[in-house]
Novice: 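Dropping the structure in here first, questions after.
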Number of protein chains: 2
Amino acid sequence: MTDPADLLRKHGLPITAQRLGVLRAVAARPHATADAIAEDVRSGIGSISRQAVYNALGMLAGKGLIRRIQPSGSAALYEDRVGDNHHHLICRTCGTTADVDCAVGKAPCLSASNNAGFRIDEAEVIYWGTCPDCLTKA
Amino acid sequence: MTDPADLLRKHGLPITAQRLGVLRAVAARPHATADAIAEDVRSGIGSISRQAVYNALGMLAGKGLIRRIQPSGSAALYEDRVGDNHHHLICRTCGTTADVDCAVGKAPCLSASNNAGFRIDEAEVIYWGTCPDCLTKA
DNA sequence: ACAAACTCTTGACTTGATCCAGTATTATGT
DNA sequence: ACATAATACTGGATCAAGTCAAGAGTTTGT
Ligand SMILES: [Mn+2]
Ligand SMILES: [Mn+2]
Ligand SMILES: [Zn+2]
Ligand SMILES: [Zn+2]
């Protein structure tokens, strides 16, 4: 059921060692960059090209199997946890990223005061601040 | 009072043609990229280096005279309107960016349900969707 | 007008990500 | 199991946004 190969099959995606590796890596380390994921996959299956990592991440994100977060001023992060509209808390000092449950519920979790005629499909919320570790060091 | 040169002086910044040009360009076209601002300044004072544009934008943003917005997957945007904690609405199709007043008030305008020990100093909110123009074209 | 402090220009460089063409792998039909 | 078509992977070039560093040029305070 949650078998990675079945998950790919269920979405009509050909099963490859690279995609399985990427799926596993994303599950293993939430909020990792494409680069960190590539490293992780390499330590599992020996090697993978940068392009294959981006292809897999893009495809999986497109199908809704994983989620992409793009914090200002750093590489995109990927995670496993989808469908629950949670938000993120990022440390300005060390970049540590933590999950925050949405205070409201379903996406879009906030209604804009004046939507200017737009049809809104997502409200992206990122809280910036300082993490506990960096607070004690400061 | 709102004279650009006075504004710079008031913040202890030496007055240069480049900085004045950047200030004027940012005021003239809200939510423009550094590149668009450079073009605008060039049409005003003849020429400016890319670096000078980045220097000026960084310095002005640091002093709080302008605000930088960094939408996922595109270049940073700059604007004049500061100090009112407003948010943004971005069209996924054409990139058009509109202002939205904050529904709550002062920053951080949202309290996270569980702050995980972080000290939050900003809540960045971007609404994604489709603008009126792109809706009719679709 | 002078010196000190600061800014601007130029060109190389970095990072994150994408494009492309050729090769290899996977899935499908017999 | 085998041939074939569809699809994915690789390696290298390329791109966009932004940063770095050294020397030339401005601005400011006296
Ligand atoms: Mn998360
Ligand atoms: Mn705005
Ligand atoms: Zn931290
Ligand atoms: Zn649009």
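The shown structure was predicted, so the numbers you read here are calculated from the model rather than taken from an experiment. All chains are named by letter (A, B, ...) in the order of the sequence lines, taking the proteins before the strands, and each is independently numbered beginning at 1.
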Novice: With the side chain counted from C-beta on, respond yes when Gln51(A) and Asn55(A) share a heavy-atom pair under 4.5 Å apart, and no when they do not.
Specialist: yes
Novice: Please give me the minimum heavy-atom distance between Ile66(B) and Leu23(B), naming the atom from each residue.
Specialist: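 Closest pair (atom of Ile66(B), atom of Leu23(B), distance): CG2-CD2, 4.4 Å.
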Novice: Got a list of protein N/O to nucleotides 26-30 of chain D N/O distances below 3.5 Å?
Specialist:
residue : atom : partner  : partner atom : Å
dT28(D) : OP1  : Ile15(B) : N            : 3.3

Novice: For salt bridge (Lys or Arg N to Asp or Glu O under 4.0 Å), just list the numbers for Arg92(A) and Glu122(B), CA-CA rounded to whole Å, side-chain angles, deciding distance to a tenth of an Å, and then say yes or no.
Specialist: CA-CA 11 Å; Arg92(A) 289 189 194 276; Glu122(B) 184 190 350; 2.8 Å; yes
Novice: In whole Å, I'd like the distance from the NZ atom of Lys10(A) to the C1' atom of dA27(C).
Specialist: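 After rounding, the gap between these two atoms is 19 Å.
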Novice: Listed in order of residue number, which residues of residues 57-76 of chain A have a non-hydrogen atom at under 4.0 Å from DNA chain C?
Specialist: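 Contacting residues: Ala75(A), Ala76(A).
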Novice: Show your working on salt bridge (Lys or Arg N to Asp or Glu O under 4.0 Å) between Asp3(B) and Arg24(B) and close with a plain yes or no.
Specialist: CA-CA 10 Å; Asp3(B) 176 49; Arg24(B) 201 184 36 66; over 6 Å; no
Novice: For dT25(C), take OP1 and OP2 only and decide whether either is under 4.0 Å from a side-chain N or O of Gln18(A).
Specialist: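 No, outside the criterion.
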Novice: For the residue pair His88(A) / Glu124(B), report whether a side-chain donor-acceptor contact shorter than 3.5 Å exists.
Specialist: no
Novice: Expressed as a whole number of angstroms, how long is the span from Arg19(B):CZ to dG25(D):C1'?
Specialist: 14 Å
Novice: Start with the C-alpha gap between Ile126(B) and Ile90(B), add the side-chain angles, then the distance that decides, and say whether side chain to side chain contact (heavy atoms under 4.5 Å, CB included) holds.
Specialist: CA-CA 7 Å; Ile126(B) 296 183; Ile90(B) 308 181; 3.7 Å; yes
Novice: Going by number, which of residues 38-53 of chain B have a non-hydrogen atom under 4.0 Å from DNA chain C?
Specialist: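 Close to the strand are Ile48(B), Ser49(B), Gln51(B), Ala52(B).
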Novice: Might you point out which heavy atoms bring Leu135(B) and Gly117(A) nearest each other, and give the distance in Å?
Specialist: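 Looking at all heavy atoms of both residues, the shortest contact is CD1-O, 3.7 Å.
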Novice: Within the supplied structure, the quantity of interest is the number of heavy atoms (other residues, nucleotides, ligands) at a distance under 6.0 Å from Arg81(A) CZ; does it exceed 12?
Specialist: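 Buried by this count: over 12 neighbours within 6.0 Å.
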Novice: Can you work out whether Asn55(B) or Ala34(A) has the more 5'-proximal nearest nucleotide on DNA chain C?
Specialist: Asn55(B)
Novice: Less than 4.0 angstrom from a charged side-chain N to a carboxylate O is my criterion; do Asp80(B) and Arg67(B) meet it?
Specialist: no
Novice: Reckon Tyr54(A) has a side-chain N or O less than 4.0 Å from the OP1 or OP2 of dT18(C)?
Specialist: no
Novice: Group every Ile, Leu, Val, Met, Phe, Trp and Tyr by side-chain heavy-atom contacts under 4.5 Å, then state whether Leu20(A) and Leu65(A) land in the same group.
Specialist: yes
Novice: Can His86(B) and Asp99(B) be counted as having a side-chain donor-acceptor contact under 3.5 angstrom?
Specialist: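 Side-chain D/A pair, His86(B) to Asp99(B): present.
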